[in-house]
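Model, not experiment: these values are computed from the prediction.
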Amino acid sequence: MSRWILHVDLDQFLAAAEILRHPELAGRPLVVGGTGAPGERTVVATASYEARAHGVTSGTPMRLARRRLPDAVFLPADKPYYESVSDDVMDTLRATGEPVEVIGWDEAWVGTDGDPRALAERIRHDVRSRTGLSCAVGIGDNTLKAKTATGFAKPGGIHELTARNWFATMGARPTDALPGLGAKTAAKLAELGITTVTELAESRPGVVAARLGPRMGPYYVSLARGMGRTELETGRYVPRSRSRETTFAEDITDQDVLRAEIVELAHRVAEDVAFEDRDVARVGAKVRTTGFHTRTRSAPIELPGRDGHAIAAIATTLLDELAPTRPVRLLGVRAEFVEA
DNA sequence: TCTGGGGTCCTAGGACCC
DNA sequence: TCTGGGGTCCTAGGACCC
């Protein structure tokens with residue numbers, strides 16, 4: 001358990017990583033995402049601040065981004081490269097000697113019993129000098145407050161949220177300002193007459209549970225009250241599943257093409273599984289048709305294993321069972337590992 | 001403006017069992 | 001015959017995150 005939790009969040013990570021190896025792109029609108037193929041049906045992964053100023057942000061459809069910013073630099077996402085840059089950042093954080101929990105490529109929590117401001121300054125300095133990247137640091141008395149604080153620190157600053165200023169800062173904000181509480185849940189809460197963080201914090205967990213579930217209801221109330229973890233998970237990440245999915249440039253109706261595609265996806269999943277060196281207990285298939293209607297189906301493997309043909313056979317059967325009747329825009333295959 | 005890919009965890013209903 | 005009350009497992013879908 002740590003007295004203080006710091007949340008470290010890299011600024012415009014993918015764009016910043018590209019600028020590291022293409023310094024001439026600094027200051028230009030830069031959009032990273034997809035494979036770079038023209039006309040592909042994908043979205044922006046990261047837009048530089050210059051691009052965001054023109055309304056292009058993470059999640060913007062790539063075709064719209066190209067229309068809005070015809071003169072921007074568009075780069076395909078280079079996952080292995082970002083992973084290696086991310087590893088350098090995480091190693092820099094671990095070099096502080098403090099416990100580190102990695103949340104994603106560009107985010108981590110760091111715990112400390114020492115001076116959190118001094119540590120935040122040191123992290124910003126070390127990350128910049130060792131990787132060339134800028135980051136924002138949120139300081140809190142738990143994980144939730146630290147992560148929430150980062151929102152006020154971006155870009156590149158430091159902000160502190162504790163029990164002392166939690167309600168003064170967050171109380172009047174809408175419930176979906178809380179990390180982990182999104183638009184759908186905010187809408188359901190609004191039906192209960194709960195629209196602000198303070199209102200959610202003061203509501204009875206049982207009332208919220210009746211609408212949002214026995215675990216999630218009380219959990220949302222605890223979020224509003226500023227509750228979070230003070231213990232970090234510093235161990236190696238053990239994945240529960242591996243999946244691959246593809247959105248086709250054009251919707252597919254041909255059954256033979258669909259079967260060939262799902263077999264291809266299954267074998268890619270099998271490669272990822274082999275890399276993990278663990279057995280698969282369950283295989284899932286996903287089909288998204290015109291209109292964004294998504295259906296999934298899954299089944300256990302009779303004898304848990306990692307054979308690509310076995311995974312492909314189940315995936316194909318699941319696809320047959322899903323029997324899409326409308327044109328298919330996406331196919332996916334997922335493998336669930338046996339419990340570690 | 002037709003809306004990625006890769007994950008995690010929770011919910012609810014039905015099956016099944018005692 | 002019109003009927004219980006737990007408990008657990010399985011499955012599809014939902015919500016959310018980066």
Side-chain angles (χ1 to χ4, degrees), chain A residues 7-10 12-14 31-37 39-46 54-69 76-77 79 82-83 86 102-109 143-144 147-148 150-151 175-176 178-189 209-220 223 233 237-251 265 268-269 272-273 276 281-300 318 321-322 327 329-337:
Chain A
H7 179 254
V8 179
D9 194 324
L10 296 164
Q12 49 169 9
F13 176 51
L14 271 49
V31 178
V32 183
T35 60
E40 65 177 333
R41 295 200 287 194
T42 182
V43 300
V44 173
T46 301
H54 293 86
V56 173
T57 63
S58 300
T60 303
M62 195 59 81
R63 287 194 244 184
L64 174 63
R66 287 183 191 274
R67 222 172 304 143
R68 282 200 183 147
L69 280 174
K79 193 177 165 195
Y82 308 137
E83 277 171 352
S86 176
V102 177
I103 307 172
W105 280 353
D106 61 344
E107 266 185 76
W109 278 303
T143 50
L144 172 76
K147 186 169 167 64
T148 309
T150 308
T175 53
D176 60 4
L178 296 164
L181 198 163
K184 305 278 180 137
T185 302
K188 289 178 187 168
L189 288 170
R211 183 74 176 83
L212 293 164
R215 290 176 73 94
M216 296 309 286
Y219 172 70
Y220 291 133
L223 281 185
E233 307 264 340
Y237 168 69
V238 180
R240 277 114 180 116
S241 66
R242 285 292 182 209
S243 67
R244 292 283 184 163
E245 60 184 58
T246 321
T247 294
F248 307 111
E250 309 273 335
D251 291 352
L265 286 165
R268 277 205 269 157
V269 167
D272 298 341
V273 163
E276 292 292 328
R282 189 174 196 85
V283 176
K286 175 165 155 184
V287 174
R288 177 171 290 152
T289 50
T290 309
F292 224 66
H293 182 69
T294 307
R295 291 189 62 208
T296 62
R297 209 169 162 91
S298 64
L318 295 170
E321 290 170 2
L322 286 165
R329 65 174 285 140
L330 171 147
L331 280 183
V333 174
R334 187 169 50 89
E336 288 176 26
F337 292 113

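- The separation of C/dG4 from B/dC17, taken at their C1' atoms, amounts to 14 Å, rounded to a whole angstrom.
- The side chain of A/Arg215 contributes an N or O atom lying less than 4.0 Å from OP1 or OP2 of B/dC10.
- A/Ala183 comes within 4.0 angstrom of the backbone, heavy atoms only, and of no base.
- Note: A/Asp9 CG to A/Lys147 NZ = 6.5 Å, rounded to the nearest 0.5 Å.
- Whole-Å rounding puts the A/Phe248 CZ to B/dT3 C1' distance at 16 Å.
- In this structure, the CD atom of A/Glu83 is 17 Å from the P atom of B/dG5, given to the nearest Å.
- Remark: C1' of C/dC18 and CH2 of A/Trp109 are 12 Å apart, rounded to the nearest angstrom.
- Glycosidic torsion of C/dC2 falls outside 90° of 0, placing the base in anti.
- Among the nucleotides C/dC16, B/dG4, B/dT8, the one closest to the side chain of A/Lys184 is C/dC16.
- Residue A/Lys147 is classed as a sugar-phosphate contact, given heavy-atom separations below 4.0 Å to backbone atoms only.
- The side chain of A/Arg244 approaches B/dG6 more closely than any other nucleotide in the set B/dG6, B/dT8, C/dC18.
- A/Ser86 contributes no side-chain N or O that, together with a main-chain N or O of A/Tyr82, makes up a donor-acceptor pair within less than 3.5 Å.
- Rounded to a whole Å, the CZ atom of A/Arg288 is 12 Å from the C1' atom of B/dG6.
- OP1 or OP2 of B/dC9 has not a single side-chain nitrogen or oxygen of A/Tyr219 nearer than 4.0 Å.
- Contact annotation: A/Ser243 side-chain N/O to B/dG5 OP1/OP2 distance is not under 4.0 Å.
- The side chain of A/Ser298 lies closest to C/dT11, out of C/dT11, C/dC16, B/dC2.
- Residue contacts for A/Gly291: at a heavy-atom cut-off of 4.0 Å it reaches a base atom on one of the strands shown.
- Of the residues listed (A/Glu276, A/Arg282, A/Arg240), the one engaging A/Phe337 in a side-chain contact (heavy atoms from CB on, under 4.5 Å) is A/Glu276, and it is the only one.
- Here A/Arg68 lies out of heavy-atom contact (under 4.0 Å) with every strand.
- Taking side-chain N and O atoms only, A/Arg240 has a distance below 4.0 Å to OP1 or OP2 of B/dC9.
- Put simply, the side chain of A/Thr290 gets close to the backbone of A/Pro327: a donor and an acceptor are under 3.5 Å apart.
- Residue A/Arg242 places at least one side-chain N or O closer than 4.0 Å to OP1 or OP2 of B/dG7.
- Side-chain N or O atoms of A/Glu321 include none that pairs as donor or acceptor with a backbone N or O of A/Arg297 at under 3.5 Å.
- In this entry the distance linking CD of A/Glu245 with C1' of B/dG4 reads 7 Å, nearest Å.
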For A/Thr294 and A/Arg288, run side chain to side chain donor-acceptor pair (under 3.5 Å): C-alpha distance rounded to whole Å, both residues' side-chain angles, the deciding distance at 0.1 Å, then the answer.
-> CA-CA 4 Å; A/Thr294 307; A/Arg288 177 171 290 152; 2.8 Å; yes
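- Nucleic acid contact class of A/Tyr82 (heavy atoms, under 4.0 Å, all strands): none.
- Rounding to the nearest 0.5 Å gives a distance of 8.0 Å between OH of A/Tyr220 and NZ of A/Lys188.
- Ring-to-base geometry places A/Phe292 in a stacked arrangement with B/dT3 (centre distance under 5.5 Å, plane angle under 30°).
- No engagement by A/Thr60 is indicated, since no non-hydrogen atom pair under 4.0 Å with the nucleic acid exists.
- Between the CG atom of A/Leu144 and the P atom of C/dC17 there is a distance of 12 Å, given to the nearest Å.
- At most 12 heavy atoms of other shown residues, nucleotides or ligands fall within 6.0 angstrom of atom CD in A/Glu250.
- With rounding to the nearest 0.5 Å, the separation of CG in A/Leu265 from OG1 in A/Thr246 is 4.0 Å.
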I'd like a list of close polar pairs between nucleotides 12-15 of chain B and the protein, N/O only, cut-off under 3.5 Å.
none

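- Take the nearest nucleotide of DNA chain B for A/Gly217 and for A/Arg41: the residue whose nucleotide is more 5' is A/Arg41.
- In a base pair of the Watson-Crick type (N1 to N3 plus N6-O4 or O6-N4) or a G-U wobble (N1-O2 and O6-N3), with each distance short of 3.5 Å, C/dC18 is matched with B/dG5.
- Nucleic acid contact class of A/Lys188 (heavy atoms, under 4.0 Å, all strands): sugar-phosphate only.
- Summarising the geometry, the separation between CZ on A/Arg268 and C1' on B/dG6 is reported as 12 Å, rounded to the nearest angstrom.
- Here A/Thr246 does not reach the OP1 or OP2 of B/dG5: none of its side-chain N or O atoms lies under 4.0 Å away.
- For the pair A/Leu330 CG and B/dT3 C1', the interatomic distance rounds to 12 Å; values are reported in whole Å.
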Which is it for A/Val333 and A/Leu318 under the side-chain contact (heavy atoms from CB on, under 4.5 Å) test, yes or no, and what are the steps along the way?
-> CA-CA 10 Å; A/Val333 174; A/Leu318 295 170; over 6 Å; no
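- Residue A/Arg329 places at least one side-chain N or O under 4.0 Å from the OP1 or OP2 atom of B/dG4.
- Nearest-nucleotide positions on DNA chain B place A/Glu40 closer to the 5' end than the other of A/Glu40 and A/Arg334.
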